[in-house]
Student: 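Sending over a structure as structure tokens; questions will come in a sec.
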Amino acid sequence: MPRLRRPFPFLRIVLVAIASDQVLKLWAREHLLPCGGKLPGLLLCLSQNRGIAFGLFRERGFLLGLFGLAVLAAGTALFLRSAGHAPSDEEARKRKSTTMPSSEARTSSFLPGLALLWGGALGNVADRLLFGAVTDYLRIPLPFHLFGGSLSLNLADGWIILGALLLFTMHLRFLRN
């Protein structure tokens with residue numbers, strides 16, 4: 001399994017994601033009222049989500065949140081293990097092949113997405129541990145009544161979505177090679 005040669009950029013992204021999420025949640029808890037200010041197409045509404053995404057499974061949100069963290073840990077371990085099966089940088093240079101990226105190139109390309117997933121997940125886990133629920137403050141009205149007609153989100157959710165999109169994009173890029 002490849003080691004992270006320089007884990008600090010990965011850890012830096014994780015810590016910035018957690019810190020920025022927690023700062024905005026602190027601001028929201030101190031300054032927002034339920035359904036307070038408005039932004040174009042958005043509402044700033046303080047809410048506490050005891051469930052998981054979209055308020056589902058409220059009575060089991062904490063356990064499912066921990067389960068999600070375990071799945072993320074397992075997925076990260078599997079990714080790092082599978083990245084070890086790609087040719088090393090030296091082997092790739094010897095073959096002069098661009099069809100299969102080296103394990104180091106592949107691992108470093110996916111790390112920002114993984115770091116954002118970890119940062120977002122840990123930001124929401126911190127809320128669950130400290131407050132018993134995740135603080136949401138951004139409400140997006142939906143044109144239909146799924147999820148009660150709106151989505152309630154926070155920056156951690158945004159980091160998770162961005163991380164997943166980065167991983168998906170990188171995966172497609174490597175599939176094309």
Student: Applying side-chain contact (heavy atoms from CB on, under 4.5 Å), can you list everything that pairs with L26, at least two apart in sequence or on another chain?
Tutor: R29, E30
Student: Output the rest of the hydrophobic cluster of L15: all Ile, Leu, Val, Met, Phe, Trp and Tyr residues reachable through side-chain heavy-atom contacts under 4.5 Å, sorted by chain and number.
Tutor: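 Members besides L15: none; it forms no cluster.
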Student: Do other residues, nucleotides or ligands put more than 12 heavy atoms under 6.0 Å from the CZ atom of F67?
Tutor: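 12 or below, so no.
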Student: In Å, rounded to the nearest 0.5 Å, how long is the span from CG of L165 to CE of M170?
Tutor: 13.5 Å
Student: For residues 15-26, which residue pairs qualify under salt bridge (Lys or Arg N to Asp or Glu O under 4.0 Å), counting only residues two or more places apart or in two chains?
Tutor: D21-K25, K25-D127
Student: For I18, check side-chain contact (heavy atoms from CB on, under 4.5 Å) against everything at least two apart and list the hits.
Tutor: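 Per chain and number, I18 pairs via side-chain contact (heavy atoms from CB on, under 4.5 Å) with V14, Q22, L122.
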Student: Find the distance between CG (L32) and OG1 (T135) and round it off to the nearest 0.5 Å.
Tutor: 10.5 Å
Student: Name all residues meeting the side-chain contact (heavy atoms from CB on, under 4.5 Å) criterion together with S20; count only those two or more places apart in sequence or in a different chain, and write none if there are none.
Tutor: L155, W159
Student: Search all heavy atoms of D136 against all heavy atoms of S152 and return the closest pair with its distance.
Tutor: OD2-O, 3.5 Å
Student: Any chance you could measure W118, atom CH2, to F10, atom CZ, to the nearest 0.5 Å?
Tutor: 7.5 Å
Student: Can you give me the closest heavy-atom contact between R128 and N49, atom names plus distance?
Tutor: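 Closest pair (atom of R128, atom of N49, distance): NH1-O, 4.0 Å.
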Student: What residues, two or more places apart in sequence or in another chain, satisfy side-chain contact (heavy atoms from CB on, under 4.5 Å) together with I13?
Tutor: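 Only P112, A115, L116 meet the side-chain contact (heavy atoms from CB on, under 4.5 Å) criterion with I13.
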